[in-house]
Each structure stands twice: as C-alpha cells, then as structure tokens.
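Data first, discussion second: the structure below is written as structure tokens.
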Number of protein chains: 2
Amino acid sequence: MDVDTRLLRYFAAIAEEGNLTRAAHRLFVSQPSLTKQLKHLESQLGVRLFTRSSTGMTLTEAGHALAARVPPVLAGWDAAVRETRSTARVLRVGFLASAANDATQGIVTAFGRLRPGWRVDLRQAPWSDPTAGLAAAEVPVALLRLPFPGHESFGVRTLFSEPRCVALPSAHPLAGRPSVDFRELRDDPVIVAPALEGTWREHWLALSERDGHEVRVGAVTEHPDEFLGAIAGGHGIALVPASTPHFHSRPDIVYVPVTGVSPSEVAVAWLPDAGEAVCDFVRCCVDVTRSRRTGCDTRWG
Amino acid sequence: MDVDTRLLRYFAAIAEEGNLTRAAHRLFVSQPSLTKQLKHLESQLGVRLFTRSSTGMTLTEAGHALAARVPPVLAGWDAAVRETRSTARVLRVGFLASAANDATQGIVTAFGRLRPGWRVDLRQAPWSDPTAGLAAAEVPVALLRLPFPGHESFGVRTLFSEPRCVALPSAHPLAGRPSVDFRELRDDPVIVAPALEGTWREHWLALSERDGHEVRVGAVTEHPDEFLGAIAGGHGIALVPASTPHFHSRPDIVYVPVTGVSPSEVAVAWLPDAGEAVCDFVRCCVDVTRSRRTGCDTRWG
DNA sequence: CGTCTCCATAACCTGGCCGCATGGACGTGG
DNA sequence: CCACGTCCATGCGGCCAGGTTATGGAGACG
C-alpha cells in the first residue's frame with residue numbers, strides 16, 4: 001500500500017498532539033485537510049486509527065500499533081535521503097531573495113575551498129516561506145533573516161545586523177528626508193506579503209514600535225514586482241532591509257533610513273541533525289561575514 | 001523531504017531493470033510518466049540518480065546509495081501496514097464483481113467461525129483490475145478469476161470451474177438456440193472492457209479458439225451498465241461466466257451456453273508474504289466451495 | 001441553557017500526475 | 001552511408017487529489 005510520507009508525518013503529529021486542531025496548526029495546514037487526510041489513511045488501511053470525541057482524538061489499538069512503527073520508517077527514509085545527498089557531495093542551501101546577497105558568493109567559494117569536490121546547490125525560497133525551506137526540511141541549511149517562525153527548534157548563528165529603511169513612493173511627503181523616525185510612519189498603510197504571521201509579521205510590521213497604533217494594510221502582494229508596484233502606486237509603504245536599494249532601485253520609489261526600529265539580522269540556520277558538510281558551511285558563513293560585524297555600523301545614525 | 005512510497009517503488013524498479021521502458025511496462029504505467037516521476041525525485045533530492053544513455057539507465061554513485069537504502073524502508077512500511085491491520089483483526093478481501101458471488105457469504109461466515117472477533121472487509125475491485133487489488137497490494141487476498149496478469153507471482157488456489165456462455169442481443173439470429181459453438185460467433189464484433197490485456201484479454205476474447213480469425217471490437221465500455229447496453233444495442237456480443245444471468249438478466253439480452261471454449265475458473269489468490277489470517281481465509285474458501293467441485297459439471301453438454 | 005471547543009462536511013479551486021503523440025540522440029545493420 | 005530501431009525527453013489536454021474557507025453538529029462546562 002502506498003502513501004505519501006507527508007501523510008505519515010501528519011499521522012504522527014495527530015497521535016502526538018491528541019488533537020486535530022492543534023496538530024493542524026503545528027503542521028501549517030487547515031484542520032479540514034487533516035480530517036480528510038486521516039480518513040484517507042484509515043480507509044486505505046481499512047482500520048480506524050483514532051476514536052473521536054469532543055475532547056480530542058485518542059489512538060485505538062491499531063492506531064497504537066501504527067504509531068509505534070511509523071517513526072522508525074520515517075527515520076529510515078530521512079537517513080536515506082541524507083546519505084544519498086552526502087554521497088553526491090552536494091550541499092543544498094536555501095536562501096531568501098534578499099538575505100545574504102553579496103556575501104553569498106564569497107561563502108560559496110570559501111566552502112568550495114574547504115571541501116573540494118563539493119557542489120553548492122542554492123535554492124531561492126518563495127516569499128511565503130521565511131524559513132527558506134528549513135521548516136519543510138527541503139534544505140539542511142539556509143541563509144535567512146531573524147526572527148523567523150520556529151527559530152527555537154533549529155541551530156542558528158547570526159552573521160550580521162543590518163539597519164532597516166522604508167520604501168516610499170517618490171511622491172510621499174517624507175521622500176526627501178535624509179532619515180525618518182518610525183513614529184512618523186505609524187499611520188501610513190503598509191504593503192504586506194500573504195503569509196505574514198507570528199514573529200515574522202511582528203518584525204516586519206514593527207508591531208512592538210507602534211504603541212498600539214492600528215496597522216492599516218494597503219495591499220497584499222505575492223511577488224516582488226507587485227510589491228514594489230504597490231508602493232510606487234501609493235497604496236502604502238513598507239519596511240525593508242537597508243541593502244534593498246542596491247537590488248531594487250526604481251525611479252518611482254525612494255528608500256529612506258528609519259530610526260526607532262530594531263535592525264534586521266541576517267543569519268545562517270540549520271537542521272538539528274545536519275551533517276558535517278553543514279557544519280563546515282556554517283563555519284564559512286561566519287568567517288566570510290566576520291568583517292561585516294566589526295566593520296560597519298548596525299544602526300542608522 | 002516527503003515522497004509517495006509509490007515513487008520509491010518506481011525508483012527501485014528502474015534501478016533493477018536498468019531500463020525505463022521495461023520498468024514502465026512492469027509497473028503498468030507509461031514511460032513518460034516514469035521519466036517525469038524520476039526527474040521529480042532527482043530534483044527533490046538535488047541529485048542525479050541515473051546516467052542516461054541510449055542503451056538504458058545506470059545508477060550513479062548517489063543512485064547506488066539510495067538503491068541500497070530504499071528497500072528496507074519499503075519493507076518497514078509494508079510490515080507496519082500488515083501489523084496494523086492484523087492488530088485490528090480486520091481481513092480485507094478483494095473480489096471481482098462476479099467472481100464468487102453466492103459462495104462469498106458462506107466463506108465470510110465460515111471465516112467468522114474460524115476466527116471469532118475478526119471482521120471481513122470486502123472490497124469490490126473496478127473492472128480495470130483483474131487482480132482485484134492484489135497487484136497493488138491493496139488487499140492481501142482476493143477472490144477472482146483465472147487466468148489473471150501476474151498469476152505466477154501470487155499464491156493461487158482454484159475453487160471451482162464454471163462454463164461460459166455468451167450474451168447476445170435478443171434479436172440476434174442465434175438467440176433462440178439452446179447452445180451455440182464458439183466457431184459460430186467468431187465473426188461477431190465483441191464488447192470489451194478498457195484494460196483488457198495479456199492473458200486476461202486472451203481468455204475473454206477466446207483468442208486461442210479463433211484460429212487466427214481477426215477480433216472486431218464493437219465497443220469499449222467502462223461500467224457494467226454500458227456493457228449490457230452495448231450488447232442490447234446490437235453493437236456486439238461477449239463471453240461471460242455462466243452465473244452472469246443470475247445477476248444481470250434483462251429482457252433485451254439473451255444468455256446462451258457456449259461450447260468450444262474453456263471454462264472460467266474462480267480462484268482465491270494471496271500475496272506471497274501474507275499472514276495466518278489469510279491462510280485461514282483460504283482454507284475457508286476451499287471448504288465452502290468443496291461441494292461445487294464435486295457436485296456440478298464444469299462444461300456445457 | 002448559552003457558549004466554547006472540537007471534529008465533520010460541503011463547495012470550490014489549483015497544481016500535479018497521467019496518458020497520448022511526438023521529437024531528438026544514439027547504436028546497428030544492410 | 002543511410003535507414004531504421006531503441007530509448008529517453010517534451011508538449012499538451014484531462015482529471016483527480018489535496019488544500020482552503022465557510023458552516024454544521026455533538027459534547028463539555030460554567
């Protein structure tokens with residue numbers, strides 16, 4: 001009988017939580033989806049795995065039998081994947097569009113010197129995933145920005161801090177200023193990405209610096225082009241890392257340094273059970289970016 | 001990283017065959033599908049598993065690493081499934097729409113006596129699967145008809161033979177006859193099911209009794225209703241088991257016994273590694289149908 | 001008895017998988 | 001040397017599985 005291993009992870013999570021809703025939340029899927037998937041698994045097995053009640057889900061006898069055997073299977077599969085990848089001497093690295101940027105190249109070449117014969121496979125993550133593929137274990141290591149959802153459960157090493165600036169339409173009243181204080185911007189609508197939640201949301205909307213001022217959402221955008229378009233069109237503003245202007249400069253958008261918000265930290269993060277190649281990669285990240293941490297200031301004036 | 005276990009079986013088959021086309025045939029999928037699935041697996045792993053050439057596929061180093069680790073994972077999963085099912089004391093039994101028919105009930109009750117507390121979960125197979133779920137390992141045991149594709153690789157026990165008859169539109173010239181010889185029907189078009197191939201096709205089209213006479217296909221039907229409809233509509237005829245009239249009698253269709261074709265055998269078949277419950281079930285099948293084998297004739301006149 | 005929590009269901013939408021038909025690369029035999 | 005056969009890759013259209021939102025029903029609890 002064939003199943004997606006994802007379904008097995010679902011099952012394990014439900015068994016562990018004893019609660020569909022909580023498991024759904026932990027797995028970043030909706031509760032009805034879990035319901036359906038679980039029913040599917042049960043019907044394929046021809047066996048009821050949980051007894052449902054209004055207080056939660058408890059394993060049946062058959063469910064216990066399965067719950068005991070699924071984790072070794074998953075562990076075996078994960079090990080097979082890890083070892084296959086290390087045999088190929090390929091290190092997959094996830095990265096956010098604007099995480100390490102110019103440092104990335106240096107890191108990759110440094111890693112190439114440290115482990116000759118290895119290849120680095122850079123995978124850009126979609127905007128919707130601040131973990132850059134780490135959460136889904138698509139990559140064992142990633143370059144990303146702190147804080148991100150679930151950062152407690154991974155290895156994390158901060159590489160450098162970068163102040164933030166604000167992207168304004170060039171017609172904005174504050175567009176000509178050399179710098180602005182965040183309090184001046186608290187009432188402007190903001191442009192956001194679809195999956196802005198948790199600490200990630202809090203950070204990029206600077207919720208803690210708003211003193212309770214309501215956030216007005218000017219637009220929700222899926223891709224960088226739309227994002228910049230929405231700002232240029234005057235639908236709102238957005239906080240971005242200070243390096244953004246280097247990569248996304250447009251005549252109709254002005255980037256102004258912002259004071260009064262915490263800087264954004266660029267970090268390398270890795271899966272808990274990562275191998276030696278990952279450790280080496282982390283070491284390269286630290287080495288290559290060392291100059292940044294000492295050399296430049298991490299806050300605007 | 002998550003994959004469907006089916007994909008792992010695909011990979012194992014390709015590695016074993018060293019040839020996409022042959023593996024595709026063995027797995028009952030098209031070759032392009034395998035190509036795409038394999039590419040998908042490779043891209044998820046970020047690793048090339050085979051080197052392609054015009055002579056076939058050979059494993060890379062990484063491919064070898066994976067090929068060594070996949071079979072234990074699959075074995076572990078299959079064992080988990082087996083044990084979960086046996087814990088629940090549920091025996092799943094596949095059956096063809098018209099395989100054992102009236103004997104089925106007796107078999108199930110006999111099994112219930114032999115293993116109190118167990119439940120039998122009867123699963124009717126679609127027409128397209130003459131193995132009744134055995135080939136896909138959806139069930140560990142099935143009631144079906146011989147011969148079926150791949151019957152060498154399963155345990156098989158013939159239960160009884162049943163002569164065949166022909167389904168004719170009531171307006172057919174031979175419809176009034178008490179019986180017909182198959183040679184009289186060789187030039188009539190036939191109604192077939194979609195996935196009629198291999199020995200299964202040979203049996204139900206009676207290819208060996210045609211002496212090279214071409215088969216004309218009158219219609220291809222998906223469901224029993226269409227099937228009977230096509231015959232009633234005069235689009236062709238079809239060989240069916242002698243018990244069919246008991247379950248599908250219609251005023252516009254006449255069933256006439258046919259001589260000159262081999263009888264159809266009803267059998268119970270099981271997976272090679274099935275457990276004790278399956279053995280008991282097989283025993284019940286044999287016991288319950290014993291009278292048939294001695295009591296009635298297995299050929300018309 | 002209202003309310004809250006938790007699971008099931010319905011309706012809908014999208015992306016992936018499958019099959020068919022076809023293309024391109026390579027080896028092979030006349 | 002060319003024609004052909006074999007084998008894998010690709011493009012296209014149809015379909016199903018899985019996801020999401022919105023809503024319903026069943027218990028627990030104050």
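None of these values were measured; they are calculated from a predicted model. All chains are named by letter (A, B, ...) in the order of the sequence lines, taking the proteins before the strands, and each is independently numbered beginning at 1. Every heavy atom of this structure was used, including side-chain atoms; hydrogens, water molecules and symmetry mates were not.
For B:Ser43 (side chain) and B:Gly46 (main-chain N/O), no donor-acceptor pair under 3.5 Å exists by modelled atom type. With hydrogens and angles ignored, the 3.5 Å screen pairs no side-chain donor or acceptor of B:Gln37 with any backbone N or O of B:Leu7. Although no hydrogens or angles enter the test, the distance criterion places a donor-acceptor pair under 3.5 Å between the side chain of A:Arg85 and the main chain of B:Leu45. Of the possible donor and acceptor atoms, one in the side chain of B:Arg92 sits under 3.5 Å from a partner among the backbone N and O of A:Gln44. At distances below 3.5 Å, not a single donor-acceptor pair connects side-chain atoms of B:Arg22 with backbone N or O atoms of B:Gly18.
Residues B:Trp77 and A:Val3 are in side-chain contact: their nearest non-hydrogen atoms beyond the backbone lie under 4.5 Å apart. A 4.5 Å side-chain heavy-atom check between A:Leu20 and A:Ile14 finds at least one atom pair inside the cut-off. Looking only at side-chain heavy atoms (C-beta outward), B:Phe154 and B:Phe148 come within less than 4.5 Å of each other.
To the nearest angstrom, C1' of D:dA17 lies 12 Å from CG of A:Leu7. Here D:dT21 presents its P atom at 12 Å from CD of A:Gln31, a figure rounded to the nearest Å. To the nearest angstrom, C1' of C:dA8 lies 13 Å from CD1 of A:Ile14.
With hydrogens and angles left out, the side-chain atoms of B:Gln31 and B:Thr35 include a donor and acceptor closer than 3.5 Å.
Residues from residues 17-26 of chain B placing a heavy atom under 4.0 Å of any atom in DNA chain D, listed by number, are B:Asn19, B:Leu20, B:Thr21. Contacts of residues 32-51 of chain B with DNA chain C (heavy atom under 4.0 Å): B:Pro32, B:Ser33, B:Lys36, B:Gln37, B:His40. Contact check of residues 52-59 of chain B against DNA chain D (heavy atom, cut-off under 4.0 Å) returns B:Arg52, B:Ser53, B:Ser54, B:Gly56, B:Met57.
For B:Glu138 and B:Arg123, the salt-bridge test fails: no basic side-chain N is under 4.0 Å from an acidic carboxylate O.
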Item checked: Working for side-chain hydrogen bond (donor to acceptor under 3.5 Å, both in side chains), residues A:Thr51 and A:Thr60 -> CA-CA 6 Å; A:Thr51 56; A:Thr60 62; over 6 Å; no
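Taking only side-chain atoms of B:Arg6, from C-beta outward, the nucleotide of D:dA9, C:dC18, D:dG19 with the closest atom is C:dC18.
Within the structure, a side-chain polar atom (N or O) of A:Tyr10 is placed less than 4.0 Å from OP1 or OP2 of D:dG19.
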